[in-house]
Amino acid sequence: MTEISALKAGLIADIAAADTLEALETLRVGAMGKNGVVTGLLKTLGPMSPEERLEKGPPIQDLRESVTAALAEKKAALEQAALDAKLAAETIDMTLPADIGPQGSVHPVSQVMDELAEIFADLGFSVATGPEIEDDWHNFTALNIPETHPARAMHDTFYFPDAEDGKKMLLRTHTSPVQIRTMMNGEPPIRIIAPGRVYRSDSDATHTPMFHQIEGLVIDKGITLGHLKWTLETFLKAFFERDDIVLRLRPSYFPFTEPSVEVDVGYTLINGQRVIGGDGDAPGGGWLEVLGSGMVNRRVIEACGLDPDEWQGFAFGTGVDRLAMLKYGMNDLRAFFDGDLRWLKHYGFMGLDVPTLSGGVGA
Ligand code: DAH
């Protein structure tokens, strides 16, 4: 073996044995650095005669190439090993339960409002809103409740001190003023629902000074009580997610509708619990009032500047909190607004497992 091939074998063996990047770097400097052995041999080629260089050059060049290649290969291997070791040390155990921290939940009122908006969107209704601080014209007068009307007294209204311009401001007692605002600001045909907060000076297990209502209004040509009944039946079936919803329409009185009906749904007693569904007149059954409604009074249509001979419609209104209580089995309305986290944890809905309306409308 020549001196050069012995040197090559030795260097390559050393490089193969290097077990850290630092050790490899020391070997590189010893061979290829400014004063390295290979560099020294390369320098001897310069002063040689062409003939000598032709003879001695190739083994030296081969030495340089082999050592350079061995260094590069070993460097890559050591770097890969370092990376592998790091990855192994920093693995994440994906089977451990994640710490998701405290989580909020959707309040049953918000949940039910979303469900209602979804159901009525399927029926072509859009959502309308109006101010919670109203004037008595929108809240009462335009709805055919004149100043002397006993219905004003029945509403337990929160009034603001008299304003200088003589306008009587109040906290709206129902969502019905949104009917007026919608008719005055838009053109028929109209199909809206108006969910929102309403206020009455009242407080017990089923009444709170603030609660939620949803109003519905349809104004079009040739609208009849039949359209009203179909709409309410379709809505209640989708909302309670049952096909066996039976409605009972009872004649009633609201100043803003004529004729007016109150709508009951049949329930069945199951283990002492009222479960919505079934014929209320069947043994063990009964009726629960869920809605007020009727054909929009022509005086209301007129007050909004429309011709009641051309445009007719129906309206309905109901309590959102009450619907939530019936659907999700809660019995104290006050708990809705206590902000008790334990209650919210129990009755609230998680963003990801909110029950969807299984059937949708018309299923
Ligand atoms: N505004 C009524 C209330 O607060 C509810 C209501 C009844 C609304 C009949 C309507 C309706 O639109 O037609 O008691």
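In this text the structure is predicted, and so the values were computed from the model without any measurement.
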Counting distance only, does the side-chain N/O of R248 pair as donor-acceptor with the main-chain N or O of E262 below 3.5 Å? no
For the pair V265 and V246, evaluate side-chain contact (heavy atoms from CB on, under 4.5 Å) and give the outcome as yes or no after the intermediate values. CA-CA 6 Å; V265 286; V246 183; over 6 Å; no
Straight-line distance of L323 CG to L116 CG, nearest 0.5 Å: 6.0 Å
Heavy-atom side-chain contact between Y347 and F336 under 4.5 Å: no
Please tell me whether I190 and L232 are part of a single hydrophobic cluster in this structure, the criterion being side-chain heavy atoms less than 4.5 Å apart. no
D156 and T173 side chains, donor-acceptor separation under 3.5 Å: no
Evaluate the side-chain proximity of L45 to Q61: yes if any heavy-atom separation is below 4.5 Å, no if none is. yes
Shortest non-hydrogen contact from A31 to V67? CB-CG1, 4.2 Å
Between atom CE of M184 and atom OG1 of T182, what is the distance when rounded to the nearest 0.5 Å? 11.0 Å
Shortest non-hydrogen contact from A194 toward V178: CB-CG1, 3.5 Å
Please lay out, stage by stage, how I223 and M295 fare under the test side-chain contact (heavy atoms from CB on, under 4.5 Å). CA-CA 9 Å; I223 297 293; M295 302 308 292; 4.1 Å; yes
Is there a side-chain contact between D321 and V112, using heavy atoms and a 4.5 Å cut-off? no
Can you tell me if D93 has over 12 outside heavy atoms packed within less than 6.0 Å of its CG? yes
Closest contact, heavy atoms only, F125 versus I193: CD2-CG2, 3.9 Å
Can you tell me if CZ on R250 sees more than 12 non-hydrogen neighbours from other groups inside 6.0 Å? yes
Honestly curious: do V38 and I60 fall in one hydrophobic cluster under the side-chain, below-4.5 Å linking rule? yes
Contact between E147 and T141 at the side-chain level, heavy atoms closer than 4.5 Å - yes or no? no
For Q213 against T175, the heavy-atom pair lying closest together: OE1-N, 2.9 Å
As an exercise, state the distance from CG of L249 to OG of S293, rounded to the nearest 0.5 Å. 6.0 Å
Treating Ile, Leu, Val, Met, Phe, Trp and Tyr as nodes and any side-chain heavy-atom pair under 4.5 angstrom as an edge, say whether V290 and V320 lie in one connected cluster. yes
Closest non-hydrogen atom pair between P108 and A324, with its separation: O-CB, 4.4 Å
Between W343 and H107, how do the two ring planes meet: parallel, tilted or perpendicular, split at 30° and 60°? tilted
Exercise answer: donor-acceptor pairs, residues 68-79 side-chain atoms, under 3.5 Å, sequence neighbours excluded:
| unit_1 | atom_1 | unit_2 | atom_2 | d |
| --- | --- | --- | --- | --- |
| T68 | OG1 | R64 | O | 2.7 |
| K74 | NZ | A16 | O | 3.0 |
| K74 | NZ | A18 | O | 3.3 |

For atom CD of E310, decide whether the heavy atoms of other residues, nucleotides or ligands shown that lie under 6.0 angstrom number more than 12. yes
Intermediate values then yes/no, side-chain contact (heavy atoms from CB on, under 4.5 Å), Y328 and Q111: CA-CA 11 Å; Y328 295 112; Q111 166 67 21; 4.1 Å; yes
For F254, does its backbone N or O pair with a side-chain atom of S260 as donor and acceptor, under 3.5 Å? yes
Are any of the side-chain heavy atoms of P188 and W311 separated by less than 4.5 Å? yes
Are any side-chain N or O atoms of H149 and backbone N or O atoms of P146, one a donor and one an acceptor, separated by less than 3.5 Å? no
Hydrophobic clustering (ILVMFWY, side-chain heavy atoms < 4.5 Å, transitive) - are L217 and I145 grouped together? yes
Carefully, step by step, assess T234 and T231 under the rule side-chain hydrogen bond (donor to acceptor under 3.5 Å, both in side chains). CA-CA 5 Å; T234 305; T231 304; over 6 Å; no
Does H212 have its ring centroid less than 6.0 Å away from the ring centroid of F337? yes
Do any N or O atoms from the side chain of N144 and from the backbone of P255 form a donor-acceptor pair under 3.5 angstrom? yes
T268 side chain vs G277 backbone, donor-acceptor pair below 3.5 Å: yes
Take K237 and D244 through the test salt bridge (Lys or Arg N to Asp or Glu O under 4.0 Å) and record every step on the way to the result. CA-CA 8 Å; K237 281 182 176 172; D244 63 346; over 6 Å; no
Taking side chain as C-beta onward, heavy atoms only, is E289 less than 4.5 Å from V263? no
Only one of R172, K168, R181 passes side-chain hydrogen bond (donor to acceptor under 3.5 Å, both in side chains) with E134, and that residue is R181
Row check, F239 ring normal vs K327 NZ/CZ: under 6.0 Å, within 45°: yes
Nearest 0.5 Å, please: how far is CD1 in I15 from CG in L24? 6.5 Å
When you measure from the side chain of D135 to the backbone N and O of H138, does any donor-acceptor pair fall under 3.5 Å? yes
Can you tell if the side chain of K8 reaches within under 4.5 Å of the side chain of D62, non-hydrogen atoms only? yes
Quick one: do R334 and D332 make a salt bridge, cutoff under 4.0 Å? yes
Please name the pair of heavy atoms, one in V218 and one in R191, separated by the smallest distance, quoted to 0.1 Å. CG2-CG, 3.7 Å
Could you check whether the rings of F235 and F316 sit parallel, tilted or perpendicular, using 30° and 60° as the cut-offs? parallel
Please report the interatomic distance CZ(R274) to CG(L269), rounded to the nearest 0.5 Å. 7.5 Å
Around L21, counting heavy atoms of other residues, nucleotides and ligands shown, do more than 12 lie under 6.0 Å from its CG? yes
Hydrophobic clustering (ILVMFWY, side-chain heavy atoms < 4.5 Å, transitive) - are F240 and W287 grouped together? no
For E215 and S176, indicate whether the former's side chain and the latter's backbone hold a donor-acceptor pair under 3.5 Å. yes
Salt bridge (charged side-chain N to carboxylate O under 4.0 Å, His left out) partners of D202, counting only residues at least two apart: none
Using a strict cut-off of less than 4.0 Å between a Lys/Arg side-chain nitrogen and an Asp/Glu carboxylate oxygen, indicate whether R299 and E302 qualify as a salt bridge. no
Atom CG in D279, atom CD1 in I245: separation rounded to 0.5 Å? 12.0 Å
Tell me whether N271 at atom CG has more than 12 heavy atoms from other residues, nucleotides or ligands lying less than 6.0 Å away. no
Any heavy-atom pair between the side chains of F120 and V127 that's under 4.5 Å? no
Is a donor on one side and an acceptor on the other found under 3.5 Å between the side chain of S5 and the backbone of T2? yes
Could you walk me through whether D220 and Q312 pass side-chain contact (heavy atoms from CB on, under 4.5 Å), step by step? CA-CA 6 Å; D220 207 333; Q312 303 79 42; over 6 Å; no
Taking T257 for its side chain and Y253 for its backbone only, find out whether a donor-acceptor pair lies under 3.5 Å. no
Output field: ring centroids Y159/Y199 closer than 6.0 Å: no
